[in-house]
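In each ligand, atom 1 is the first atom listed, and ligand 1 is the first ligand listed.
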Amino acid sequence: MNKRSFVSITDYSKEKMLKILDYAAEFEANPNRDTLANKVVATLFFEPSTRTKLSFETAINRLGGKVIGFSDASTTSSSKGESLKDTIVMVSNYADLIVIRHPLDGAARYASEVADIPVINAGDGSNQHPTQTMLDLYSIKKTQGTLENLNIVMVGDLKYGRTVHSLLMAMSHFNPSFTFIAPDELKMPDEYKQFCYEKGIKYHEESELKDISNADILYMTRVQKERFQDIIEYEKVKNIYTLRNKMLDNTKPTMRVLHPLPRVNEIDTDVDANEKAYYFKQAKNGVFARQAIICDALGLI
Ligand code: CP
């Protein structure tokens, strides 16, 4: 594996995360540069995306780089049976860096093992979404002034939601307290609770979205329809929680609502005008976090 690849949030130490966040702040202050002149980045999206793909491509364009890639694998030779390995080896011939999203857990790790250029994971199945986590950390630090000692309430699909899995691991460096709010069918998987236990991180689980008065960050998630084997099981839980503006009345003034997006019904649009709604700004922060991640992967910072 190329040592500059970023496929799991655990590839970054605490110090590295903080350094990347500092670089992201510099890119926010001055996003247009020529750092990536003569660099070609391949964005290989085997799954749909709006924010991740477009913010990566914005990040590359603002740094003077060139983008190749696809957003629909059915238009590529993988539809003729070409293996992921062969696709990655081929793209390694053309680009300096690969950004990959894939429906299979572990696909980004596998790609990083067969590529001879760095690979960035833009989401693999229900496993990890580490660049989302870096923009989440950036958003949390920006809104709370710190990453330390925060109460993080995670709501929704904690089973299949890869963003909460990466975020939990990243926040473990900063002494968080977690509340996991999910129905039985979508509870935080045991491996992540075991991880909390081993790290001495406090967490508790609830099944109803009611008392959020202690939250510093309310992290809402979408029920991941695409991961269900049985659509009837999805129908049972798809509208399990909806955050409404009124529910924010007794929350901390500094509390912010985050969501990796897209949302479906889990945040009512009446929340959007509330100053505690941060999810659209969070998505904008993705450009700066990804500028820092790309430059780091290419050894340019
Ligand atoms: N947050 C996120 O990954 O959004 P997209 O699926 O639109 O990229």
Side-chain angles (χ1 to χ4, degrees), residues 6-9 20 24 41-62 67 69-74 97-108 111 119-140 142-143 152 154-171 186 217-228 234 238 243 256-267 269 271-272 277-294:
F6 182 39
V7 298
S8 164
I9 196 66
I20 293 287
V41 181
T43 57
L44 313 183
F45 278 68
F46 292 84
E47 256 194 351
S49 168
T50 298
R51 276 144 295 275
T52 310
K53 185 166 188 295
L54 296 184
S55 64
F56 261 113
E57 294 181 356
T58 303
I60 296 158
N61 282 312
R62 288 200 181 281
V67 180
F70 55 81
S71 53
D72 179 359
S74 71
L97 173 70
I98 290 173
V99 175
I100 182 171
R101 169 170 288 190
H102 200 282
L104 291 180
D105 294 25
V119 171
I120 295 176
N121 182 3
D124 64 322
S126 56
N127 183 35
Q128 288 242 347
H129 196 347
T131 67
Q132 175 73 43
T133 296
M134 291 310 298
L135 77 91
D136 291 345
L137 294 184
Y138 187 74
S139 301
I140 293 170
K142 200 167 163 185
T143 59
I152 312 281
M154 296 176 166
V155 182
D157 186 347
L158 308 187
K159 178 179 178 185
Y160 296 119
R162 56 195 172 199
T163 65
V164 288
H165 301 158
S166 306
L167 182 60
L168 178 152
M169 297 177 107
M171 287 303 299
L186 299 176
I217 293 293
L218 181 62
Y219 197 96
M220 301 296 298
T221 64
R222 174 179 66 91
V223 177
Q224 307 275 299
K225 181 180 182 184
E226 62 275 32
R227 310 275 175 238
F228 282 73
Y234 168 73
K238 68 177 184 184
L243 182 70
R256 290 294 176 269
V257 181
L258 270 57
H259 190 312
L261 303 176
R263 73 171 152 189
V264 184
N265 295 319
E266 57 278 1
I267 302 180
T269 53
V271 178
D272 294 357
Y278 194 75
Y279 28 91
F280 294 124
K281 292 177 189 153
Q282 176 189 0
K284 182 176 179 182
N285 290 337
V287 173
F288 316 125
R290 289 178 172 125
Q291 284 182 308
I293 291 164
I294 291 165

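- When heavy-atom distances to ligand 1 are checked against a 4.0 Å cut-off, L261 comes that close only through its backbone atoms N, CA, C and O.
- A salt bridge links R227 to E47: at least one charged side-chain nitrogen sits closer than 4.0 Å to a carboxylate oxygen.
- Remark: minimum distance from atom 1 (N) of ligand 1 to any protein heavy atom is reached at P260 O, 2.8 Å.
- Salt-bridge annotation for D272 and R263: present, with a side-chain N of the basic residue lying under 4.0 Å from a carboxylate O of the acidic one.
- The closest side-chain heavy-atom distance from H129 to N121 is not below 4.5 Å.
- Considering backbone and side-chain N/O atoms, K53 never comes within less than 3.5 Å of an N/O atom of ligand 1.
- Proximity of E266 to T221: side-chain heavy atoms (C-beta onward) are nowhere separated by under 4.5 Å.
- Evaluated by nearest non-hydrogen atom to atom 8 (O) of ligand 1, the leading choice among P48, A122, S49 is S49.
- Residue contact check: T50 has heavy atoms under 4.0 Å from atoms 5 (P), 7 (O), 8 (O) of ligand 1.
- Side-chain N/O atoms of N285 and Y278 include a donor and acceptor closer than 3.5 Å.
- At a threshold of 4.5 Å between non-hydrogen side-chain atoms, the residues R51 and P262 count as touching.
- Using a 4.0 angstrom heavy-atom cutoff, E47 does not count as in contact with ligand 1.
- The closest protein non-hydrogen atom to atom 6 (O) of ligand 1 is R101 NH1, 2.9 Å.
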